[in-house]
Structures are given as C-alpha cells and as structure tokens.
Undergrad: 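Please see the structure below; I have some questions.
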Amino acid sequence: MNRAGVTGSSGRWADRSYRRILIDTHIPDWDPAFLEKFDVPTLLGAIETSGAQAAMVYFQSHVGLCNWPTASGVMHGGVRDSGVLANLIEALHARDIPVCAYYSVHFNNWAYLAHPDWRFEQMTRNGMGPLPAARYGLCCSNNPDYRAFVREQTREIVAGHAVDAIFFDMMWQPGVCCCAHCRVRFESETGRVFPERLDWRDRTWCDFQAARERWTLEWATELRALVREHKDIDVYHNFAMGVANWSRAQSFESAAAHDFLGGDFYGGRDEQLVVCKLMLNLSERRPIEFMTTVTCDLTAHESLKSQEEHDLLAFAAIAHNAAFLAIAACDPDGSTNPAVLDTVARSFARIAPYEPFLGGVPVDEVAVYFSSASKMNFADDGAVQCELTTSGSTDYPHFHAVRGACRALQAAHIPFGVITRKQIGELARYRVVVLPNVLRMDDEECEAVRRYVAEGGKVYASRLTSLTDASGARGEDFALTDVFGVSFEAEEEGRSIYIEPASEWVREALAPQRRLSHSLDARARTGALRVKAGRGAALATLTLPFGHPHPGSVEDQCWSSIHASPPGVWLDAPTLVRNAFGAGEAIYAAADIEAGQGQALFLAAIKCLLGAPPLRIETNAPACVWVTAFEQDERVIVSLLNYQSETPVLPIEALSITLRPRDGRSFRRAYLAPNGRELALEKVSGGVRIRALRLEVFAMIVAEYE
C-alpha cells in the first residue's frame with residue numbers, strides 16, 4: 001500500500017487521520033460559569049465545524065481537575081453532565097471520528113495543592129518562556145504516591161471509556177528536582193552523590209543527566225504498558241521538548257516509548273523544518289503529528305494567526321507526510337471562538353485533497369546527525385544548580401549548527417533528512433553525513449562514522465565533533481582525528497576569526513568576500529578551534545584580527561578599527577581540511593560555519609563531497625520553496641511549498657524541476673495532484689524535467705514509474 005494513513009472505521013487512531021483538532025481546556029472551577037458549556041452539543045459542534053477527522057479530548061488538564069466522575073481525584077465543578085465524555089465519544093464514533101484522551105503528567109495543580117508531599121522541588125530556577133510559571137503546580141514522578149495516583153487515573157480513563165488513543169502531555173522533567181525521592185533514587189542507582197553543580201566534563205554530572213533521561217523513558221514506557229494491559233490502543237507522549245536542551249530530560253531515546261511521535265511547536269519555519277525531518281526518522285511509526293495553536297502562541301487567547309499563516313503550517317506538515325493537529329483554546333465557559341474553528345476548517349479543506357497521495361519513504365541523500373547527548377553547552381560548566389535558570393529552549397550550540405545546516409540544505413534544495421543514533425547502523429543509506437558541532441560522541445558513534453567513511457562514505461564535521469565523550473571525558477585529540485586529518489590544539493578565544501581561502505573552490509564559494517568572518521559567541525553558540533595539520537589537505541587557513549584575542553578598549557592598542565575587527569595576523573593553521581580515509585573522505589571545519597554566516601561555504605563543502613552522480617531532485621526554485629519527496633511503490637510524490645517569511649505569499653513563475661528515478665527505472669508520466677493535470681516531461685540525462693510550473697502556495701507532483 002502506498003499510503004501511510006487510511007480514513008475509515010478500522011485501524012489505529014494515528015492511521016485514520018491527517019486532520020486533527022484539540023479543544024484546549026485548561027480551565028479552573030472557582031467561578032460557577034467556568035465550563036458551563038462543556039457539553040456534548042457544544043464540543044461536538046466545534047469538532048464537526050472544524051472539519052477534523054479525529055479529535056483529542058481533555059479528560060483532565062494542567063489544572064488537575066477531571067472531566068469524568070473520578071474515584072481517584074476530583075471532578076471539575078463546572079461540568080454539569082458527569083457522562084459528558086462517554087456520550088461525546090459515542091457521538092463522535094457514530095460519525096466515524098476517533099477519539100484520543102488527553103492527560104497532563106507532572107503539571108497538576110489539584111495534586112500539587114492537595115498533596116504538598118508530591119511536589120516537584122525545583123533545584124534550578126524554572127524558566128518557562130512567556131508562560132506564567134507561577135500558575136503551574138508541578139509534581140514529581142519519582143514520588144511513589146504521585147506515581148500510583150497517575151497510574152490509577154490512567155486506569156480509570158482507559159478501562160471506563162471507549163477511547164482510541166491516549167496522549168500524555170508534559171512527559172518530561174520541568175527543571176531539576178531535588179526532592180528526597182530523586183536524591184535517593186540517583187544515589188542508590190549510581191552510588192554517587194547528588195550533584196550540586198553542573199559540569200559536562202564531570203562523570204557524576206553526566207551520570208545524573210543520563211539518569212534523569214532514563215527516568216523519563218521508564219515512566220513513559222510504564223504508562224504505555226499500563227494502558228496496554230487494558231486496551232490495545234495508540235499511546236504517545238508530547239515530544240515538544242525532544243529538541244529542547246538537557247534540562248527537560250527528554251532524550252531522543254525516549255521515542256521508543258511512543259507508538260508514534262507528535263508534539264506542539266511554536267518556533268517558526270526553521271523549527272518546523274528541523275522537527276518534521278527529525279520525527280520522520282525517529283518515530284516508531286508514521287504518520288508523525290505536528291501540533292500548533294491557531295492563536296499566535298499558547299499565551300495569546302484572542303490574537304489569531306492569519307489564515308495564510310495557518311495554511312502554511314498545515315501544508316508544511318503534509319509536505320512531510322505529517323498529520324496536522326490544530327490546538328483551539330476554548331473560552332472559560334467551554335465554548336470555542338467561531339473564528340478559530342473557521343480558520344481550522346479552511347486549512348483542513350485545503351490540505352484534504354492531497355491526503356490520498358501521502359505516505360512512502362523520504363528521498364534523502366544527505367543526513368544531518370542530531371545528537372541527543374549534545375543538547376547542552378560546555379559554557380554552563382561550573383554553574384551552581386540553585387543559581388541556574390533552566391528552560392526548554394533550543395539555544396544551545398549543537399542545535400544552532402543543526403538548524404543552520406538544515407536551513408542551508410533546504411534553501412539549496414539538496415534532499416536531506418535529520419537522523420539520530422537510531423540510524424547509526426544505517427549511515428550507508430546516505431551519500432553525505434553531516435556532523436554539525438556534535439559536542440559529545442561515544443565510541444559506538446565514532447566507530448560507526450569511521451566504518452562508514454572507510455567503506456566509501458562522505459562526512460562533513462565541524463568544531464568540537466568527537467572531542468568529548470558522553471561520560472564527560474575530553475580527549476587530548478579528536479576521537480575521529482584519523483578521519484578528519486587534523487589534530488586538536490585549543491579552543492579559540494576572542495570575538496571573531498577569519499577563514500582564509502587556500503583553494504580555488506573555497507575562494508569561489510566566498511566571493512565576492514575575500515575571506516569569511518566567523519563569530520566566537522560569548523556563550524559558545526558559535527565558535528572555533530585551533531587545529532594543526534595532519535594528513536589532510538588545507539582548503540582554508542586561519543586569519544586573526546589585529547590584537548586577537550583581546551577585545552580592545554579605549555585604554556589599549558589591541559585593535560585596528562574602532563567599529564570592526566579587520567584581519568591583521570595571517571597563520572598557517574588550517575580551518576577547513578579535506579582528508580581521504582579508506583574509500584571515502586571527510587571535510588572538517590574548525591569553525592561551525594553552518595551555524596553562522598558561512599552557509600555558502602558549508603554548501604560548497606557538501607556539493608564537493610556529493611560529487612557525481614547528480615541529485616535525484618533538482619530545481620531552480622528560490623530558497624523560500626520547500627521541496628520534499630517520498631518514494632512509493634510505483635511513484636514518487638514531490639511537494640513544493642512556497643513558504644515565504646511574510647504573507648501574503650507571492651506566486652513564483654517559471655519553475656522547473658528535474659526528477660531522477662531509483663534503481664534504473666524510468667518515469668512514464670507526471671501530473672499535478674489532486675486534479676490529475678498532466679505535465680509535459682522532457683527527457684534529460686538520467687531522468688525527466690518539468691518546466692514552466694507556476695507555484696502559488698502549494699503544489700504536489702505525482703511522478704509514476706513505467
């Protein structure tokens with residue numbers, strides 16, 4: 001079968017829908033008017049109006065109050081009909097709309113207030129971005145009584161209601177908990193003292209972080225197993241913190257506890273690009289799910305995204321074969337703004353015609369390696385935990401490099417995917433593997449990369465890649481020094497360096513610039529190393545500003561221009577090195593050029609490594625166009641999304657796209673989905689070209705094999 005999902009009365013919840021809705025219901029009950037309209041007619045009307053194929057329904061919320069007659073907790077005082085959820089499920093099933101139950105873990109105000117001993121004891125200061133952190137009552141899953149309470153509530157939901165799936169929200173650590181249960185568990189499991197300081201080069205701290213991530217995985221796995229004891233339904237947990245930094249303790253390995261990956265995201269185009277590519281390859285099953293609010297963000301109740309902004313998010317999801325779940329926050333009385341539902345309905349109507357064409361295997365030729373162990377920053381070393389403010393941000397060096405690499409590859413329309421340790425034994429599937437400032441790598445990862453290159457693979461690596469292992473031990477040299485063809489000397493200090501061309505193709509890639517300026521960020525989000533030449537050939541060398549590494553001041557003479565820091569010292573130290581290793585080769589960059597202003601040079605390095613044969617997908621589309629392709633049994637599905645940064649989106653004329661088949665096959669015809677308009681095929685070397693396309697917002701090409 002070509003399609004990943006089928007709408008119908010059989011199959012699992014995730015396999016039956018691409019259009020999903022959640023009526024967000026985090027409402028307290030201290031006002032008698034709150035949730036007075038939380039009833040079947042109101043909820044059913046909202047879901048039907050939206051045009052959703054599937055609905056996620058709140059059984060409970062961050063407030064902790066239950067919307068069913070619970071024996072283990074307290075039912076919301078505003079819910080007039082105790083059977084509202086059972087009746088709603090029955091009504092939705094009668095309309096062939098599957099239902100997923102929502103349950104909030106860790107965030108539970110009722111439990112926090114009723115059982116002070118269950119509380120999450122923050123060791124770090126908890127930052128929650130724009131969210132009002134003081135409103136959230138946090139509970140610790142290492143507390144056995146709270147754990148038993150959540151298990152009992154889960155039993156009540158799945159045993160007492162005909163739900164088709166369950167979604168556990170907030171399945172991560174909201175900071176570092178230092179309660180007695182967390183301390184005892186860590187010390188009994190490891191024999192080490194609970195750490196007071198953060199230090200990524202200290203074994204105890206690294207073991208502590210590994211334990212926190214293991215606890216999250218075990219808790220998620222336990223809840224899924226509990227659900228399965230009662231009912232064979234889909235179970236997944238919010239993966240929104242999967243790309244966040246270390247503080248949320250949601251590792252990529254935790255994906256094994258999800259039947260499929262889904263999460264709510266608000267970081268804009270670049271984040272959506274990375275997380276969709278990541279979840280595609282990390283998820284145990286497809287389709288994955290991309291969730292976001294109809295409002296501008298979670299804190300904006302009245303400020304709606306424009307229709308076109310919402311459409312772009314929905315199209316970007318299905319371009320990655322992802323289900324799109326719209327989060328529609330209800331008013332305190334339980335009703336939903338009709339304008340929100342209209343926005344959702346229009347987006348759903350626009351993506352629905354393309355659903356029969358979804359599914360297949362991504363056509364990826366370059367892989368960007370995303371390391372779960374590298375969601376951290378050595379610049380934090382030495383921080384006292386109680387003085388540290390943590391948040392689920394992506395402001396860490398490795399993510400800056402991953403995001404920059406993805407942005408550059410997308411803009412150049414080089415087919416790529418984001419991979420993790422899950423694919424470490426499958427690197428040979430890719431023509432080039434990108435290691436973007438991978439801060440911590442273990443022996444298994446390094447050996448897999450070494451074997452891949454020795455057998456003919458191509459690798460681009462930058463900055464600190466393979467210098468430190470996951471236990472915190474920093475080697476005297478790169479673990480992959482033989483692959484890179486250089487040796488480590490020191491980390492660069494100062495504010496910036498220059499990368500000086502030493503080969504013609506580097507000079508051409510930088511033109512009309514004479515050299516590349518690279519920032520050494522004070523928080524290490526971008527930076528560089530001093531390396532010495534080995535067997536590799538230097539493609540670029542190091543140039544330093546006058547007075548480097550001193551920043552300069554009015555009292556000294558450590559600068560040459562008052563505003564900028566022009567080059568002043570030319571060294572023979574390499575900054576970009578190409579090295580043959582076995583049957584393959586590597587290009588190593590001493591600076592994480594993909595994270596900064598060096599994306600043109602990064603792309604030139606990737607193209608140099610790619611060499612021949614040509615890419616399977618090529619286009620003259622501008623950088624704002626996202627191009628994705630999925631291989632199915634008898635056809636290739638190519639999506640083009642005109643994802644401009646500002647709306648209204650302006651049409652693009654005269655696009656051309658070249659498609660090359662796999663395994664020596666040939667294309668017999670191509671047409672535009674969903675209406676079947678035939679496209680003229682021009683034969684070119686190894687494939688076909690389609691010319692004179694006009695792209696408004698979204699187009700899908702179906703290319704069928706002979």
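Predicted model, so just to flag it, every value in this text is computed and none were measured. Below, all heavy atoms of this structure are taken into account, side chains as well, without hydrogens, waters or symmetry copies.
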Undergrad: On the 0 to 90° scale, with breaks at 30° and 60°, tag the Phe667-Tyr705 ring pair as parallel, tilted or perpendicular.
TA: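 Answer is parallel, since the angle falls under 30°.
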Undergrad: Centre of Trp626's six-membered ring, under 6.0 Å away, within 45 degrees of the axis: is that where NZ or CZ of Arg269 sits?
TA: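 Negative - Arg269 is either too far from the ring of Trp626 or too far off its axis.
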Undergrad: What's the verdict on salt bridge (Lys or Arg N to Asp or Glu O under 4.0 Å) for Arg525 and Asp395, showing C-alpha distance, side-chain angles and the deciding distance?
TA: CA-CA 8 Å; Arg525 290 167 294 192; Asp395 193 20; 3.0 Å; yes
Undergrad: Taking atom types as modelled and ignoring hydrogens, do the side chains of Gln250 and Ser372 form a donor-acceptor contact shorter than 3.5 angstrom?
TA: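 Per modelled atom types, Gln250 and Ser372 side chains form no pair under 3.5 Å.
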Undergrad: Testing the 3.5 Å rule here: is there a donor-acceptor pair between the side chains of His413 and Asn620?
TA: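 Side-chain D/A pair, His413 to Asn620: absent.
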Undergrad: To check you understand the geometry: which heavy-atom pair defines the closest contact between Leu615 and Leu610, and what is its length?
TA: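 Heavy atoms of Leu615 and Leu610 come nearest at CD2-CD1, 3.9 Å.
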Undergrad: Identify the heavy atoms of Ser391 and Ser247 that sit nearest to each other, and give their distance.
TA: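 The pair with the smallest heavy-atom distance is O-OG, 3.2 Å.
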Undergrad: Show the numbers, then the answer: is there a salt bridge (Lys or Arg N to Asp or Glu O under 4.0 Å) between Asp364 and Arg429?
TA: CA-CA 9 Å; Asp364 296 333; Arg429 289 167 44 193; 5.7 Å; no
Undergrad: Before you tell me yes or no, could you show the steps for Glu365 and Arg616 under salt bridge (Lys or Arg N to Asp or Glu O under 4.0 Å), namely the whole-Å CA-CA distance, both residues' side-chain angles and the distance that decides it to 0.1 Å?
TA: CA-CA 8 Å; Glu365 301 193 65; Arg616 287 195 58 192; 5.8 Å; no
Undergrad: Salt bridge check: are Glu308 and Arg350 linked by an N-O gap of less than 4.0 Å?
TA: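 Looking at Arg350 together with Glu308, the answer is no, because their closest N to O distance does not fall below 4.0 Å.
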Undergrad: Does Arg660 form a salt bridge (Lys or Arg N to Asp or Glu O under 4.0 Å) with Glu618? I'd like the steps, not just the answer.
TA: CA-CA 9 Å; Arg660 295 184 175 89; Glu618 294 181 331; 3.2 Å; yes
Undergrad: Quick one: do the His310 and Thr343 side chains pair a donor with an acceptor below 3.5 Å?
TA: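 No, because no side-chain N or O of His310 sits under 3.5 Å from a partner of the opposite role on Thr343.
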Undergrad: Assign the ring pair Tyr102 / Phe167 to parallel, tilted or perpendicular, where the plane angle (0 to 90°) is split at 30° and 60°.
TA: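 Judged by the thresholds at 30° and 60°, the geometry between Tyr102 and Phe167 is tilted.
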Undergrad: Within 45° of the six-membered ring axis of Phe416 and under 6.0 Å from that ring's centre, is NZ or CZ of Lys277 located there?
TA: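 Yes, Lys277 sits over the ring of Phe416.
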Undergrad: For a ring-ring contact (aromatic ring centres under 6.0 Å, His included) check, start with the C-alpha distance between Phe602 and Tyr460, then their side-chain angles and the critical distance, and finish with the verdict.
TA: CA-CA 9 Å; Phe602 165 72; Tyr460 166 89; 5.0 Å; yes
Undergrad: List the steps and the verdict of ring-ring contact (aromatic ring centres under 6.0 Å, His included) for Phe370 and His398.
TA: CA-CA 8 Å; Phe370 201 161; His398 179 51; 5.4 Å; yes
